[in-house]
Amino acid sequence: MLDLRTIRENEATVRNALAQRGAGVNLDDLLRLDQERRATLQEVEGLKSERNTVSKEIGARKRAGEDTQAQQERVREVGRRIAELDERVRTLQTDLEARLLRIPNIPYRETPVGADASGNRVVREVGTRPAFDFEPADHVALAERLGLVDFARGARISGAGFLVYTGWGARLERALVQFMLDLHTREHGYTEIQPPLLCHAATMTGTGQLPKMAEDMYTIEADGLYLIPTAEVPVTNLHREEILDRPLPIKYVAYTPCFRREAGAAGRDTRGMIRVHQFDKVEMVQLVEPEQSYAVLEELVQQAETVLQRLELPYRVLELCTGDLSFAAARCYDIELWAPGQQDWLEVSSCSNFEDFQARRAGIRYRGPDGKPRFVHTLNGSGVALARLYVALLEHYQQADGSIRIPEALSPYVGGIDRLTPP
RNA sequence: GGAGAGAUGGCUGAGUGGUUUAAAGCGGCGGAUUGCUAAUCCGUUGUACGUCUAUCAGGCGUACCGGGGGUUCGAAUCCCCCUCUCUCCGCCA
C-alpha cells in the first residue's frame, strides 16, 4: 500500500510510475475522496471538542445542584450532527482504503521500463549448458522411466496439476528441501519457521494477495481461510501489527507446500510438473531497515544462486522490467534454470524488495534511531522452488544409460548414493 | 461442540457513569548526587489521524483500555455481537 500523503504530495511522480507499470488507477477520485475526508474530519472533530467541553461543564454543574436541562438538549443536537458526520467519514475511509489496497507498488528508480516480459534484462548467466551425445529426454519421460513421479495417479486423486512422488522420487524431493534448509540455516543465518498453510483474509491482505489476486488462491469458504500460495504470506505476517522489539534484520526461512489455482494460465505448461497446483518451496524472508533493503536484495539473490551453484546447475538471473513486476514488488530478480529436455529456461526463484509496501499494509514497524516507529522494508526470495528445480535436475543430470547422476552436494541427503537408476 | 473465567499503557496492576486529559509500582529515557558499582532523589514516558507554526522541533484538537455496534449531555465503567486466552467436560491424531 502506498502512503496517501506521498500520493497527495507527489502526484506527478506517482502517476508516472503507475503508468510505467501499465496500471490503470483513478487517482483523481482517490484524491477527491481524501480531500473530502480531511475536510469532514476537521468539522466533526471541532464538534466533538465542543461536546467534550460542555459535557464536562454539565457534570460540574450537576454536582453543584444546578439545572442543566437546556445544555443537555443543545448537546444532544450536536451529538446528532456528529453521528452523521462520523458515518460520512467512515464511508470515505472505507472507500479510500479499498482503493489504496488495489494500487500496486512504485517501481525502483533503476528498474528497466518495459511493457511485458520481453523488457526484462538479463543480469548474468552462470555455468555452462550441458552438451549431450544423445537426444536428451524430458522430465516426464525420465520421471516415469525411473518411477519417481506418478502423474496419472496424481490426476486420479486430485485432478490435473497434482503430483504423486513415489519411492526414490519422494526421497529426492525431501532431500532437496532438506539440503536447501540446511544451507540457509547453517550458512546464511536464517531461522527456520514452519508456519500454518491456511491463513485468513487479514494475513492475505498484509502481503498483497488480497484483494486483487483472490481468484488465484484456493479458499476454504466455511472457515474464511485461504491456502497459501507461498510461505511469504504466513512468514512475513508473523509480525503483523507489531512494533518490533528485536534487532534487525530478521531472517526467516521456511519450507512449505504452495497452492495455486493458476486460474489465468489454463492450458499453459499443462504437461509434466512445470506448472502445477501444489508444489514445495523453500522461501527466505527478511525484515530490514529501509537503508539496507537494496543491499539485502542482492544478498538474497546470491543466497538463492548458491543453491544452484552447489547443485552445479547452469542458470541466469533476470531483472524484471516495470511491466512484468508483481503487484507488491518495487524491484525483482528472477532466477531461471536451464532445462535441456525443454530447451528452455525455468523460473525457480523470484527475489523481491517490497520496500514498505507490505509493511504498511501489515503494520510492521520498528524503532528508528530517534525512537520513533518506522515501517520496515520486507523482502523475500525463493531459495528455491521445487518441482521446477526437480525438472531441471533430472533433465540436466540424465545419462546415456538412462540413469540420473546425483550432484555431490546432494548425495549425503539421499543416503550417499551418486545416481538413480531405472528399476 | 458444552459450561465457566478473563482481556486495561513496554510489564505488573487499580479503576462499576462526570475531579481519570487511566492511580500506583516496575522498566525505559534524561538529570542531580557519588572514588567505581549499587542505592537515593528530581523530571520524563504510547499509537494513529487531522491541523497550525518560528517544521531535523513543537503546539492544539480528535480517537484509542481485545475488535465492532448501541444507550447517554458524558462510557475503561452499562447493554448486544464477535475474536482470542485460561479452566473443566465431551470428541480426537
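Per chain, numbering begins at 1; letters A, B, ... match sequence-line order.
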Next item on the list: Mind calculating the distance between CD (A:E87) and C1' (B:G70) to the nearest angstrom?
Entry: 14 Å
Next item on the list: Remember a base hit wins even if backbone is also touched, and classify A:N52 as base, sugar-phosphate or nothing at under 4.0 Å, heavy atoms.
Entry: sugar-phosphate
Margin query: Between A:R74 and B:C73, is there a contact of a side-chain N or O with OP1 or OP2 at under 4.0 Å?
Written below: no
Check: Do A:Q209 and A:T207 have side-chain atoms, one donor and one acceptor, less than 3.5 Å apart?
Finding: yes
Next item on the list: Write down the distance between NZ (A:K56) and C1' (B:G74), rounded to a whole number of angstrom.
Entry: 10 Å
Margin query: Between A:Y315 and A:E305, do the side chains contain a donor N or O and an acceptor N or O under 3.5 Å apart?
Written below: yes
Next item on the list: Apply side chain to side chain donor-acceptor pair (under 3.5 Å) to the pair A:H139 and A:Q342, showing each step before the final yes or no.
Entry: CA-CA 8 Å; A:H139 69 283; A:Q342 313 299 309; 3.2 Å; yes
Next item on the list: Whole angstrom is fine here: how far is it from NZ in A:K62 over to C1' in B:G74?
Entry: 9 Å
Next item on the list: Could you work out the separation of B:U21 and B:C80 based on their P atoms and round it to a whole Å?
Entry: 27 Å
Which atoms of nucleotides 44-50 of chain B (N or O only) lie under 3.5 Å from a protein N or O atom, and what are those distances?
{"unit_1": "B:U47", "atom_1": "OP1", "unit_2": "A:R367", "atom_2": "NH1", "d": "3.2"}
{"unit_1": "B:U47", "atom_1": "O3'", "unit_2": "A:R365", "atom_2": "NH1", "d": "3.0"}
{"unit_1": "B:A48", "atom_1": "OP1", "unit_2": "A:R365", "atom_2": "NH1", "d": "2.8"}
{"unit_1": "B:C49", "atom_1": "O3'", "unit_2": "A:R37", "atom_2": "NH2", "d": "3.2"}
{"unit_1": "B:G50", "atom_1": "OP1", "unit_2": "A:R8", "atom_2": "NH2", "d": "3.4"}
{"unit_1": "B:G50", "atom_1": "OP1", "unit_2": "A:R37", "atom_2": "NH2", "d": "3.4"}
{"unit_1": "B:G50", "atom_1": "OP2", "unit_2": "A:R5", "atom_2": "NH2", "d": "2.9"}

Next item on the list: May I have the distance from A:K48 (atom NZ) to B:A63 (atom C1'), rounded to whole angstrom?
Entry: 7 Å
Checklist line | Distance, P atom - from B:U87 to B:G28, rounded to whole angstrom | finding: 32 Å
Check: Based on Watson-Crick and G-U pairs with both distances under 3.5 Å, what dot-bracket line describes RNA chain B 5' to 3', crossing pairs as [ ] and inter-strand pairs as |?
Finding: ((((((((.[[[..)..(.....]]]((((((.......))))))((((((((...)))))))).[[[[[..)....]]]]])))))))....
Next item on the list: Starting at atom CZ of A:R240, determine the distance to atom P of B:G67, rounded to an integer number of angstrom.
Entry: 14 Å
Margin query: Can you see if the side chain of A:S55 gets near the phosphate of B:G18 - specifically, an N or O under 4.0 Å from OP1 or OP2?
Written below: no
Item checked: Rounded P spacing from B:A76 to B:U19 in Å -> 11 Å
Notebook entry, point to check: Atom CG of A:D86 and atom P of B:C64: how far apart are they, to the nearest Å?
Noted result: 10 Å
Next item on the list: In whole angstrom, give the distance that lies between atom CZ of A:R80 and atom C1' of B:U71.
Entry: 14 Å
Check: Given B:C73, is OP1 or OP2 found less than 4.0 Å from the side-chain N or O atoms of A:R76?
Finding: yes
Check: To the nearest Å, how far apart are A:Q69 CD and B:U72 C1'?
Finding: 13 Å
Check: Is it the case that A:T40 and A:R88 place a side-chain donor and acceptor less than 3.5 Å from each other?
Finding: no
Next item on the list: Determine the Euclidean distance between corresponding P atoms of B:U45 and B:G61; express it in Å to zero decimal places.
Entry: 16 Å
Checklist line | Shortest side-chain distance from A:R63, nucleotide among B:C73, B:U62, B:U19 | finding: B:U19
